[in-house]
Amino acid sequence: MVGIGVIGYGYWGPNLVCNFAQVAGARVTAVCDQRAERRALVEQVYPSIQTYADVADLLRNPAVDAVAIATPVSSHFELALMALQAGKHVLVEKPFTATVIQAERLVEEAERRGLTLMVDHTFVFTSAVRKIKELIDNGTLGTLYYYDSVRVNLGLFQNDVNVLWDLAVHDLSIMDYLVGAMPTMVAATGMAHVPGKPENMAYLTCYFAHNLIAHFHVNWMAPVKIRQTLIGGSEKMIVYDDIEMSEKVKVYDKGIIVSESEDAVYQRHVGYRTGDMWAPRLDNIEALRIEAEHFVECVKTGRRPLSDGHAGLRVVRILEAASQSMAQRGQPIALS
């Protein structure tokens with residue numbers, strides 16, 4: 001049995017405890033939270049789980065083999081480093097770290113110690129995203145042209161991170177998984193409309209090699225909730241709507257036809273192809289449950305996680321560059 005310790009029992013911690021408790025071959029043995037009322041709630045719901053107010057005490061528990069960190073991003077690096085140095089496998093809530101340097105340090109520490117380091121990019125494990133990955137990998141979409149995402153809502157304002165780090169991190173993790181390549185350059189603009197708070201709306205563009213472009217629109221101050229992604233390819237196009245209940249993924253046989261005839265050399269003619277739309281069948285397994293099972297399997301076998309530390313590092317690298325660009329009012333930032 002893999003003993004799991006959860007650090008942080010606020011918004012996301014209870015979800016982690018609930019899902020790890022259902023994974024075969026794993027057992028939640030400890031929960032740490034500085035607030036006495038949160039520890040009391042754990043003891044009430046899960047009498048067999050040991051609670052701690054101090055992370056160091058939890059890490060000294062020999063029954064804890066791995067920890068899941070669900071705390072503010074400012075504490076991720078320190079807590080994850082402590083856990084790795086204590087010989088524990090680590091799952092870190094998104095975003096991975098607050099800086100690229102911190103992410104690189106954690107990746108290096110985990111690899112040096114031979115420990116599993118995974119980032120909680122939950123959307124990578126949803127049935128919709130897994131199906132889209134399958135369609136891209138088997139060539140259904142052809143050559144990828146664009147990735148266009150909107151994630152807006154009248155949402156909760158954060159104090160420690162801007163809207164890119166809070167919302168775009170989801171879509172960047174999905175894009176990283178689906179595209180399988182890093183952008184060469186990013187540019188971002190945004191605005192803070194509440195004094196003393198970080199940017200509440202932003203637009204981020206990622207430029208890739210081979211004419212692929214990705215664009216992200218995120219906003220905490222929208223009157224409606226939209227979670228929609230358009231993915232265009234040379235053969236097919238996809239609409240992924242996470243709010244849609246029955247048909248989250250729709251595949252459209254639509255596109256353009258560019259005339260290559262000799263008389264069109266100087267004036268290319270563009271035609272349009274319109275075919276059928278179909279919605280692939282998706283399973284209803286909760287993404288966090290699949291992610292928890294995947295983490296436990298990786299701990300047991302040494303397998304590399306889908307959303308490993310390198311994936312977290314790539315997303316943080318984009319976010320850090322985007323924040324730099326936003327501070328310079330959209331100046332493009334090259335990624336090495």
Side-chain angles (χ1 to χ4, degrees), residues 1-23 25-99 101-120 122 156 158-161 165-166 288 291-292 295-296 298-300 305 307-309 312 316:
M1 297 290 285
V2 176
I4 305 291
V6 175
I7 301 174
Y9 200 74
Y11 169 71
W12 197 239
N15 297 325
L16 292 170
V17 172
C18 177
N19 280 274
F20 274 116
Q22 300 177 57
V23 175
R27 183 165 58 95
V28 182
T29 58
V31 170
C32 178
D33 199 290
Q34 294 179 336
R35 297 161 296 182
E37 68 273 14
R38 300 304 294 175
R39 298 196 301 275
L41 180 59
V42 176
E43 293 161 1
Q44 177 185 346
V45 179
Y46 304 98
S48 63
I49 294 179
Q50 179 71 43
T51 60
Y52 297 90
D54 191 325
V55 172
D57 293 335
L58 180 146
L59 295 176
R60 280 192 288 267
N61 184 340
V64 175
D65 303 300
V67 299
I69 299 171
T71 60
V73 64
S74 59
S75 63
H76 286 183
F77 173 71
E78 180 183 1
L79 294 174
L81 186 61
M82 286 176 61
L84 291 170
Q85 291 175 338
K88 313 296 184 182
H89 304 277
V90 175
L91 170 67
V92 186
E93 187 184 14
K94 63 83 189 169
F96 183 27
T97 57
T99 68
I101 292 175
Q102 291 177 347
E104 291 174 334
R105 176 74 175 87
L106 292 181
V107 168
E108 187 236 341
E109 188 73 22
E111 291 182 347
R112 185 168 63 83
R113 294 177 178 271
L115 295 168
T116 297
L117 176 61
M118 181 169 158
V119 185
D120 183 14
T122 313
L156 180 65
Q158 305 293 330
N159 293 313
D160 55 340
V161 293
W165 288 77
D166 180 48
L288 189 54
E291 182 183 40
F295 178 65
V296 171
C298 291
V299 168
K300 288 182 175 182
S307 56
D308 64 357
V316 170

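For clarity, every value in this text was computed on a predicted model and none was experimentally measured.
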Practice task
Tell me, with the steps shown, if Y9 and L41 meet side-chain contact (heavy atoms from CB on, under 4.5 Å).
Solution key: CA-CA 9 Å; Y9 200 74; L41 180 59; 4.0 Å; yes

Exercise for the section: Using the side chain to side chain donor-acceptor pair (under 3.5 Å) rule, take D160 and W165 through it: C-alpha gap first, then chi angles, then the decisive distance, then the call. Expected result: CA-CA 9 Å; D160 55 340; W165 288 77; over 6 Å; no

Exercise for the section: Please test F20 against T29 for side-chain contact (heavy atoms from CB on, under 4.5 Å), starting from the C-alpha separation and ending with a verdict. Expected result: CA-CA 10 Å; F20 274 116; T29 58; over 6 Å; no

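Counting heavy atoms of neighbouring residues, nucleotides and ligands inside a 6.0 Å radius, atom CD of Q22 exceeds 12 of them.
Within the 4.5 Å cutoff, the side chain of L59 has no heavy atoms near those of the N61 side chain. The closest side-chain heavy-atom distance from Y52 to V31 is not below 4.5 Å. Using a 4.5 Å heavy-atom threshold, the side chains of T116 and P305 count as touching. Looking at heavy atoms from C-beta onward, H89 lies out of side-chain contact with M118 at the 4.5 angstrom threshold. Residues I49 and V17 have side chains in contact (heavy-atom distance under 4.5 Å, counting atoms from C-beta outward).
Applying the side-chain contact (heavy atoms from CB on, under 4.5 Å) test between Q102 and each of T97, V316, L81 identifies T97 as the sole match. The residue from I69, N15, L288 that alone fulfils the side-chain contact (heavy atoms from CB on, under 4.5 Å) condition with D120 is L288.
Separating the CG atom in L115 from the CD atom in Q85 is a distance of 11.0 Å, to the nearest 0.5 Å. Rounded to the nearest 0.5 angstrom, I7 CD1 and E93 CD are separated by 12.0 Å. Taken to the nearest 0.5 Å, the OG atom of S74 stands 8.0 Å off from the NE2 atom of H76. If you take CZ on F77 and CE on M82, they are separated by 12.0 Å, rounding to the nearest 0.5 Å. Between the CZ atom in F295 and the CG atom in N19 there is a gap of 13.5 Å [rounded to 0.5 Å]. Here the straight-line distance linking atom CG of L117 with atom NZ of K88 works out to 16.0 Å at 0.5 Å rounding.
A pairwise comparison of heavy atoms in V64 and A30 identifies CG2-CB, 3.9 Å as the closest pair. Across A80 and L106, no two heavy atoms sit closer than the pair CB-CD1, 3.8 Å. The shortest heavy-atom contact between V67 and L58 is CG1-CD2, 3.9 Å. Among all heavy-atom pairs drawn from A70 and G13, the shortest one is CB-N, 3.9 Å. Nearest heavy atom pair, residue V2 against residue A66, reads CG1-CB, 4.5 Å. Taking both residues in full, the closest heavy atoms of F96 and G312 are given as CD2-C, 3.6 Å, listed atom of the first, atom of the second, then distance.
At least one donor-acceptor pair closer than 3.5 Å links the side chain of K94 to the backbone N or O of D166.
In this structure R60 satisfies the salt bridge (Lys or Arg N to Asp or Glu O under 4.0 Å) test together with D57, sequence neighbours excluded. Residues that satisfy the salt bridge (Lys or Arg N to Asp or Glu O under 4.0 Å) test with D308, not counting sequence neighbours, are R304.
The salt bridge (Lys or Arg N to Asp or Glu O under 4.0 Å) contacts involving residues 29-52 comprise D33-R35, where partners must be two or more places apart or lie in separate chains.
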